[in-house]
Amino acid sequence: MRLLLMSDTHLPRRARALPAPLLDEIPRADVVFHAGDWVDTATLDLLESRSRRLVAVYGNNDGPELRSRLPEVAHADLGGLRFAVVHETGPARGREARCAADFPGTDVLVFGHSHIPWDTMAPGGLRLLNPGSPTDRRRQPHCTYLTATIADGHLTDVTLHRLPRRG
């Protein structure tokens, strides 16, 4: 099962559209994750129409329209793994232990907010993944997103994709 993970698209404020390499990944993915801060409903509509399955949440920059359509926390059981998605997890310091306590019984937590790619393991085995942002790199060298595979009940091939800088 192929996964596509993104967050913090901030359209149309930080970019006019999702980058073409990211859009090209959508039909290849069995499940698309978005960890919030969409800003516009058009991006949600686009991902809903192009994704086989979308697991998504709202973020702190998302207004009432998005909040009425999306949860604060989403859960999905996929290929023998239990996923949770949330926008904010608080400060980096202590994140693993805090998230392990906040999301018991979860195998993989997808989160956003910081625009900083993150891939760590919490005590007890919770994997924490932040795909960064495909449209707003902030202090990062590149805009990013993640892909991964679920095979035989394991998350494999977790790959951070760096997008070319916009001209």
Side-chain angles (χ1 to χ4, degrees), residues 1-10 14 18-19 21-22 25-26 28-39 43-44 47 51-62 66-67 70-163:
M1 181 180 303
R2 186 164 168 83
L3 310 177
L4 171 60
L5 296 78
M6 70 182 88
S7 186
D8 297 282
T9 47
H10 291 272
R14 300 293 182 203
L18 293 176
L22 177 65
E25 287 286 348
I26 294 171
R28 296 183 196 128
D30 296 297
V31 182
V32 175
F33 291 87
H34 193 298
D37 271 7
W38 305 74
V39 179
T43 305
L44 173 57
L47 290 185
S51 302
R52 291 181 209 167
R53 180 173 180 186
L54 177 64
V55 181
V57 298
Y58 67 78
N60 61 297
N61 283 298
D62 295 328
L66 286 160
R67 289 171 186 249
L70 296 165
E72 181 178 11
V73 178
H75 298 274
D77 292 336
L78 302 168
L81 296 173
R82 296 158 301 188
F83 285 78
V85 184
V86 67
H87 185 62
E88 294 185 62
T89 59
R93 184 181 176 125
R95 177 176 285 143
E96 288 83 3
R98 186 174 54 252
C99 289
D102 290 347
F103 295 92
T106 300
D107 299 306
V108 181
L109 176 65
V110 179
F111 68 99
H113 189 60
S114 69
H115 298 218
I116 300 171
W118 189 279
D119 183 355
T120 58
M121 193 75 72
L126 173 66
R127 181 110 179 236
L128 288 88
L129 296 174
N130 184 328
S133 170
T135 56
D136 183 9
R137 64 183 180 88
R138 288 201 182 156
R139 294 170 298 280
Q140 300 304 301
H142 301 278
C143 290
T144 58
Y145 66 93
L146 286 170
T147 57
T149 303
I150 299 173
D152 299 321
H154 298 283
L155 191 66
T156 64
D157 305 321
V158 177
T159 305
L160 181 68
H161 299 268
R162 295 177 174 174
L163 291 159

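Between F111 and W118, the ring planes lie perpendicular to each other; the angle is over 60°, past the 30° to 60° tilted range.
Here the closest non-hydrogen pair linking G90 and R98 is C-NH2, 3.4 Å. In terms of heavy-atom proximity, P134 sits nearest to C143 at O-CB, 3.4 Å. When all heavy atoms of T144 and P131 are compared, the pair lying nearest together is OG1-O, 2.7 Å. Smallest separation of non-hydrogen atoms from L109 and L126: N-CD1, 3.8 Å. Across A56 and A74, no two heavy atoms sit closer than the pair O-CB, 3.8 Å. A122 and L128 get closest at one heavy-atom pair: CB-CD1, 3.8 Å.
D62 pairs by the side chain to side chain contact (heavy atoms under 4.5 Å, CB included) definition with D37, W38, V39, Y58, L66, not counting sequence neighbours.
For the pair D119 (side chain) and L129 (backbone), a donor-acceptor distance under 3.5 Å is absent. A donor-acceptor pair is defined here as one N or O able to donate and one able to accept, closer than 3.5 Å; such a pair exists between the side chain of R67 and the backbone of G59. When atom types are taken as modelled, the side chain of R53 and the backbone of D30 share no donor-acceptor pair closer than 3.5 angstrom. A donor-acceptor pair is defined here as one N or O able to donate and one able to accept, closer than 3.5 Å; no such pair exists between the side chain of H115 and the backbone of D8.
Rounded to the nearest 0.5 Å, atoms CD (E72) and CG (N60) are 10.5 Å apart. Atoms CG and CZ, on L5 and F83 in that order, are 7.5 Å from each other to the nearest 0.5 Å. Here CD of Q140 is found 7.5 Å from OG of S114. Values are rounded to the nearest 0.5 Å. The distance from atom CZ of R139 to atom CD1 of I116, rounded to the nearest 0.5 Å, is 6.0 Å. Put simply, NE2 on H34 and OG on S51 are 10.5 Å apart, with the number rounded to the nearest 0.5 Å.
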Original post:
So V31 and L3, side-chain contact (heavy atoms from CB on, under 4.5 Å) or not? Walk me through it.
Top reply: CA-CA 5 Å; V31 182; L3 310 177; 3.8 Å; yes

**OP:** Might you work through the side chain to side chain donor-acceptor pair (under 3.5 Å) test for S133 and H10, ending with a clear yes or no?
**Re:** CA-CA 9 Å; S133 170; H10 291 272; over 6 Å; no

Original post:
Step by step, would you call V32 with E25 a side-chain contact (heavy atoms from CB on, under 4.5 Å)?
Top reply: CA-CA 9 Å; V32 175; E25 287 286 348; over 6 Å; no

Original post:
Yes or no on side-chain contact (heavy atoms from CB on, under 4.5 Å) for L47 and M6, after CA distance, side-chain angles and deciding distance?
Top reply: CA-CA 11 Å; L47 290 185; M6 70 182 88; 3.9 Å; yes

**OP:** Would you sort out whether D102 and T89 count as a side-chain contact (heavy atoms from CB on, under 4.5 Å), showing the intermediate values?
**Re:** CA-CA 9 Å; D102 290 347; T89 59; over 6 Å; no

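By the 4.5 Å heavy-atom criterion applied to side chains, L4 and R28 are not counted as neighbours. A heavy-atom distance below 4.5 Å is found between the side chains of P19 and T135. Using a 4.5 Å cut-off on side-chain heavy atoms (C-beta onward), S7 and H87 make contact.
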Could you pull out every donor-acceptor pair under 3.5 Å between side chains of residues 148-163 and any protein atom, sequence neighbours left out?
from	atom 1	to	atom 2	distance (Å)
T156	OG1	T149	O	3.3
T159	OG1	D157	O	3.1
H161	NE2	T147	OG1	2.6

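Under 4.0 Å is where a charged nitrogen must lie from a carboxylate oxygen, and between R82 and D107 at least one such pair does.
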